[in-house]
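Computation of the quantities below employed the complete heavy-atom set of this structure, encompassing side-chain atoms and omitting hydrogens, waters and symmetry-equivalent molecules.
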Amino acid sequence: MKKSTSLFLLAAVFSTNTLFAQQKKAASGTDQKMNTFITNLMSKMTLDEKIGQLNLPAVGFDVTGPILSEGVDEKIEKGLVGGVFNTFTPQAVRKLQELAVTKSRLKIPLLFGYDVVHGHKTIFPIPLGLSASWDLGLIEKSARIAAREASADGLNWTFSPMVDIARDPRWGRIAEGSGEDPYLGSLIAAAMVKGYQTNSLSNKDAIMASVKHFALYGAAEGGRDYNTTDMSLIRMYNEYLPPYKAAVDAGAETVMVSFNDINGVPATANKWLLTDLLRKQWGFKGFVVSDYTGVSELVPHGLGDLQTVSALSLAAGTDMDMVSEGFLNTLKKSLQEKKISMAVIDLACRRILESKYKLGLFADPYKYVDEEKAKTEILSQKNRADAKRIAEASMVLLKNNNQLLPLKKNAKIALIGPLADNKRDMIGNWSAAGDWKLAISVMEGLKNVAPNMDITYAKGANLVDDPAILKQINANGADIVADEKTPEKLISDAVSAAKKADIAVVVLGESAIMGGEATSRTNLDLLPNQKELLKALAATGKPIVLVLMNSRPLTLTWEDENIPAILETWFSGTESGNAIADVLVGNYNPAGKLTATFPRNVGQIPLYYNHKNTGRPYDGLSNEKFKSRYIDSSNDPLYPFGYGLSYTAFSYSPIKLNKATLAAGQTIQATIEVKNTGNFDGEEVVQLYLQDIYGSVTRPVKELKGFQKIFIKKGETKTVTFTLTEEMLKFYNSDLKFAAEKGDFNLYIGANSRDNQASRFTFTK
Ligand code: BGC
């Protein structure tokens, strides 16, 4: 080594140590201190080191995309990495962090990201299931527990919440979000950000949230993943953007860009989206990360070669490049060729350094590395107990004729189905660090909860028989092996078991791996072999309870007509079996409500409750031809948004308003009495919808504007009051101005988006 170089290195090490010391002092300081610290640090950084901060390779345990990063250790030592993802555990994180803070010239600590989507190691229901709880407190708690476990396991950044509005259950990623409603989706987005980040990123168990996928990813054409989106601004602003904005308003430190293009410009290179809307209109202050190879995917999107698209993407507002290394390998050249400015590189680098500062990583790069904490925090009894409670709250009773459920604890049942004695699938998709072997199966759950139940088990069918699906999902780790019995024998054994029992509990659905990324389906029926089993069981005449596990709304028209009781359990996490068993025997009275419409058939999709009326609305009754309708199907869903039953029943009184007119700045109190008329105590999600009858633009037939989840003892009545405000009436008009328009409004309060009491008031301005 030349003397001059070693002297230079010594000086650099010395000054970085001084920088650490400075930040230790400044850790609780103001923005001013942070700015000074970062300006000072950046003045010492080379161009390569600045570009290095924008680089996010994948290292470690999981493959979540088509390419794996290479040579990462050496790059970390050279200061060419800003963070890594897919590495966790204190030991593994320490190893990489050590490289950064002992071997790299400026010792800048790394970020450690991961898809902690519905729990880290204690796994909660898939997000679509979580949203069905309509319980913001429990949802926030799930994020809090996830953050506590993840932060104890070395992580400081989660790629969650996923808040894409999804109206298309063909799209497998509908599982990862909160369904179709912008109002509920916004509240959940904010609750999750709060749960992950707490009130300050400097807290030891706070991790950064990354709201994703910005934007409109859920509107992919045809429900085919990664596909094009093309949407009017008015629809975007009113229906798709609110949850992202809510997460940003709640302080989400990072935003992840979506894969899709938006009105012709892929999100990853969309300056309007990432700069004009996100930063200038919404005031976002954190940093923006691309999705997995999102930058290099701009090449097949057709925007240019890697150098061109990397420059485009950075200039549009993408600060960090996940996996592509387009930034790392081409930005310097683009700068030399004057295709980008130093200012944009500096800005992106500064934003990433700011997040590291806010996390307190400069003061303590090992803040998240604590072996002892990991041992006590992760998968604790307490976390598992919370996971069970949260799983119970996510379950939706779709049907319960003749009060077939709850089961008697000493019932004689046949427990049937490929998901009945299954652990592998319980934790669902995107349960990245979860260990399915720790999950509780339905069989185990029933034995735990009702030891006196007489259970005969029969598998009845393979989870998946369809060779095309099997090939696809087994290639991605589904590990489905056909049973040694023939399909016919599996069914006949199940039929014999059902005949000997009083009730058949049949657990069917998808393989967990059939949901999440890259799992679009064109047919949403139960898989043919499972349906054949169900039909054979129905033919026995024995009462059947169908327990469903799936990542998306399915088309269950036949099941609804032929099966007396149906319980939707999604994939409900580590405690699945215990939670399902508690619900089946009535230890917990189900209260979940759907957050995504269940269509009757795939042809109805997209089907969502807050649709427009059209000029020729169909009332569902007459047989007139020139109406907005199908000739071969009803317009109505099988199960509407907000729907879900209870073991008890609730009746709703007419709505009372304290006045019929709302003036600007004033409120109306809308009151309704809800009576528990059944035989069980229970919770009900009382929902408030509004319809703006005449507007300057067409308005939805109804929109959720409030809800309250209340507990009512059997025989009791509770009064529920909603305060109506001008704010609830506001929408973006054709000038994208957010304002309420005067006129009449319909008001609906009830048990779901279909069954409710109606009233009306006037907004006078
Ligand atoms: C997904 C993201 C995820 C990322 C990192 C991508 O394929 O779209 O949701 O956060 O991988 O694992």
Side-chain angles (χ1 to χ4, degrees), residues 165 167 180-187 215-216 218-219 229-246 248-249 262-264 272-273 276-278 280-283 597 606-619 626-629 635 641-642 655 657 659-668 670 687-706 722-749 753-754 756 758-765:
I165 293 295
R167 296 166 162 180
E180 72 193 37
D181 185 64
Y183 172 78
L184 180 61
S186 297
L187 293 172
L216 318 185
T229 67
D230 201 309
M231 189 185 286
S232 70
L233 285 172
I234 200 167
R235 168 167 274 185
M236 261 187 227
Y237 273 72
N238 283 313
E239 301 167 33
Y240 279 78
L241 295 178
Y244 306 107
K245 180 162 189 305
V248 167
D249 289 346
I262 297 177
N263 298 354
W272 168 78
L273 183 77
D276 300 347
L277 179 70
L278 180 65
K280 295 189 183 150
Q281 287 187 36
W282 294 359
T597 301
L607 189 67
Y608 48 95
Y609 85 95
N610 48 353
H611 59 85
K612 304 289 181 70
N613 210 24
T614 81
R616 296 185 180 187
Y618 177 52
D619 65 7
F626 297 105
K627 292 289 183 186
S628 180
R629 60 175 296 197
N635 285 0
F641 175 84
I655 301 170
L657 302 182
K659 54 187 179 205
T661 307
L662 181 70
Q666 293 188 351
T667 58
I668 294 180
Q687 302 161 37
L688 165 77
Y689 297 87
L690 295 181
Q691 180 192 17
D692 190 351
I693 302 169
Y694 296 133
S696 59
V697 295
T698 58
R699 304 285 295 121
V701 292
K702 57 179 66 135
E703 293 172 287
L704 183 73
K705 291 291 174 182
F722 291 99
T723 302
L724 310 181
T725 64
E726 179 180 354
E727 202 55 31
M728 289 176 170
L729 316 182
K730 289 184 178 169
F731 64 96
Y732 290 93
N733 65 18
S734 46
D735 298 326
L736 298 183
K737 193 169 160 246
F738 190 59
E741 295 178 359
K742 65 180 182 209
D744 290 344
F745 286 77
N746 282 327
L747 161 81
Y748 304 97
I749 302 180
S753 62
R754 181 189 61 200
N756 34 52
S759 184
R760 190 176 273 211
F761 64 94
T762 306
F763 175 58
T764 56
K765 272 210 159 169

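When all heavy atoms are compared, the tightest approach of Phe745 to Gly743 is CD1-O, 3.4 Å. Counting all heavy atoms, side chain and backbone alike, Pro182 lies closest to Asn610 at CD-ND2, 3.8 Å. Between Leu273 and Leu277, the closest heavy-atom pair is O-CB, 3.5 Å. Taking each heavy atom of Leu724 and Leu662 in turn, the nearest pair found is O-CD1, 3.8 Å. What you find for Arg616 and Phe626 is that their closest heavy atoms are CD-O, 3.2 Å. Counting all heavy atoms, side chain and backbone alike, Tyr237 lies closest to Gln281 at OH-OE1, 3.2 Å.
Residues passing the side-chain contact (heavy atoms from CB on, under 4.5 Å) test with Lys705 are Leu688, Leu690, Glu703, Met728, sequence neighbours excluded. Scored by the side-chain contact (heavy atoms from CB on, under 4.5 Å) test, Thr723 finds Thr667, Gln669, Thr725 as partners (sequence neighbours excluded).
Note that CD1 of Ile234 is 11.5 Å distant from OH of Tyr732, once rounded to the nearest 0.5 Å. Rounding to the nearest 0.5 angstrom, the gap separating the CG atom in Asp249 from the OG atom in Ser186 is 9.0 Å. Taking CG from Asp619 and CZ from Arg629, the interatomic distance works out to 9.0 Å, rounded to the nearest 0.5 Å.
At a threshold of 4.5 Å between non-hydrogen side-chain atoms, the residues Asn263 and Trp272 do not count as touching. Side chains of Thr661 and Ile668 form no contact here, defined as non-hydrogen atoms less than 4.5 Å apart. When side chains are defined from C-beta on, Tyr609 counts as touching Asp181, because their heavy atoms get closer than 4.5 Å.
For the pairing with Arg167, the side chain to side chain donor-acceptor pair (under 3.5 Å) check across His611, Glu239, Glu180 returns one residue only, Glu239.
Judged by distance alone, with hydrogens and angles left aside, the side-chain atoms of Ser753 form a donor-acceptor pair with the main-chain N or O of Phe641 at under 3.5 Å.
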